Amino acid sequence: DVQLQASGGGLVQPGGSLRLSCTVSGLSVENYAIGWFRQAPGKEREGVSCINANSNTVYADFVKGRFTISRDNAKNSVYLQMNSVKVEDTAVYYCATDPRCRAVVTGTPDRSYGEPYWGKGTLVTVSS
């Protein structure tokens, strides 16, 4: 059974930092592309960042230079370090498998690998 669980959300002030974790079971993150997505109230879900099996990374323009995605194979986890956060970063953040990082880049997953696995999200609130 594949499970992904995002954690680490909370309340942070503008300009602050937060690290989100995506803990995975049922598959090895070193062999899969894992993406971070977010959905703000009243808005569509959007891709934030992705790391593939070769450790290549992609970022949405609105987080480039502020967020960093990384992976710890020993802990079978993927992280999203969020620095210089802004009020507009407020959202529920989710992690999911994302073959070839297609969903983060284009908004549509590559379903030739099957349906993506999604984890429950974690709420990030940026407010003073």
Side-chain angles (χ1 to χ4, degrees):
D1 220 24
V2 177
Q3 292 188 342
L4 295 86
Q5 178 64 60
S7 62
L11 176 65
V12 59
Q13 292 186 339
S17 297
L18 208 60
R19 190 176 85 149
L20 305 184
S21 300
C22 176
T23 304
V24 181
S25 60
L27 61 82
S28 295
V29 297
E30 63 183 316
N31 297 322
Y32 283 80
I34 304 292
W36 282 98
F37 301 81
R38 71 185 188 185
Q39 187 165 20
K43 294 190 176 181
E44 296 287 316
R45 187 173 62 204
E46 58 187 0
V48 176
S49 182
C50 183
I51 183 167
N52 70 10
N54 294 323
S55 296
N56 296 316
T57 59
V58 293
Y59 296 93
D61 286 344
F62 51 80
V63 302
K64 279 181 182 175
R66 300 189 299 123
F67 292 9
T68 303
I69 192 170
S70 63
R71 182 177 66 213
D72 186 330
N73 296 336
K75 295 184 178 180
N76 214 38
S77 296
V78 174
Y79 306 97
L80 185 69
Q81 178 67 42
M82 305 169 62
N83 296 332
S84 302
V85 295
K86 304 175 181 180
V87 171
E88 50 265 43
D89 293 323
T90 295
V92 177
Y93 284 73
Y94 302 87
C95 55
T97 55
D98 185 15
R100 299 198 284 176
C101 292
R102 178 74 60 84
V104 166
V105 175
T106 71
T108 303
D110 183 347
R111 290 193 165 86
S112 66
Y113 295 84
E115 285 298 316
Y117 295 100
W118 285 89
K120 293 182 181 179
T122 187
L123 175 63
V124 173
T125 303
V126 183
S127 175
S128 55

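Computed from a prediction, not measured in an experiment: that's the story for all the values here.
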Go through it in stages, so that I can follow the logic: the residues are Gln39 and Lys43, the test is side chain to side chain contact (heavy atoms under 4.5 Å, CB included), and I'd like the CA-CA distance, side-chain angles, deciding distance and then a yes or no.
CA-CA 6 Å; Gln39 187 165 20; Lys43 294 190 176 181; 5.6 Å; no
Hydrophobic cluster membership, [X] vs [Y], 4.5 Å side-chain cutoff:
X	Y	result
Tyr79	Tyr93	no
Tyr32	Tyr113	no
Val29	Tyr117	yes
Phe62	Phe37	no

Taking NZ, NE, NH1 and NH2 as the nitrogens, is one of them in Lys86 or Asp89 under 4.0 Å from a carboxylate oxygen of the other?
no
Taking the side chain as everything from C-beta on, heavy atoms only, tell me whether [X] gets closer than 4.5 Å to [Y].
X	Y	answer
Ser70	Gln81	no
Leu4	Trp118	no
Val124	Met82	yes
Ser127	Leu11	yes
Cys95	Val78	no

With side chain to side chain contact (heavy atoms under 4.5 Å, CB included) as the criterion, how do Ile34 and Thr97 come out once you've worked through the C-alpha distance, each side chain's angles and the decisive distance to 0.1 Å?
CA-CA 5 Å; Ile34 304 292; Thr97 55; 3.9 Å; yes
Donor-acceptor pair, side chain of [X] and main chain of [Y], under 3.5 angstrom:
X	Y	answer
Asn83	Ser17	no
Asp98	Ala33	no
Thr106	Thr108	yes
Asp110	Pro99	no
Asn52	Asn54	yes
Ser49	Trp36	no

Taking all non-hydrogen atoms of both residues into account, name the closest pair between [X] and [Y] and its distance.
X	Y	answer
Val87	Pro14	CG2-CG, 4.1 Å
Val63	Val48	CG2-O, 3.6 Å
Asn31	Ala53	C-CB, 3.9 Å
Ile51	Ile69	N-CD1, 3.6 Å
Val12	Leu18	CG1-CD2, 4.4 Å
Tyr94	Gly119	CD2-O, 3.4 Å

Count the heavy atoms belonging to other residues, nucleotides or ligands that lie under 6.0 Å from OH of Tyr59, then report whether that count exceeds 12.
yes
Taking atom CZ as the centre, does Phe67 end up with more than 12 heavy-atom neighbours from other residues, nucleotides or ligands that are less than 6.0 angstrom away?
yes
Atom OG of Ser21 and atom CG of Asp72: how far apart are they, to the nearest 0.5 Å?
10.0 Å
Rounded to the nearest 0.5 Å, how far apart are CD of Glu46 and CZ of Arg38?
4.5 Å
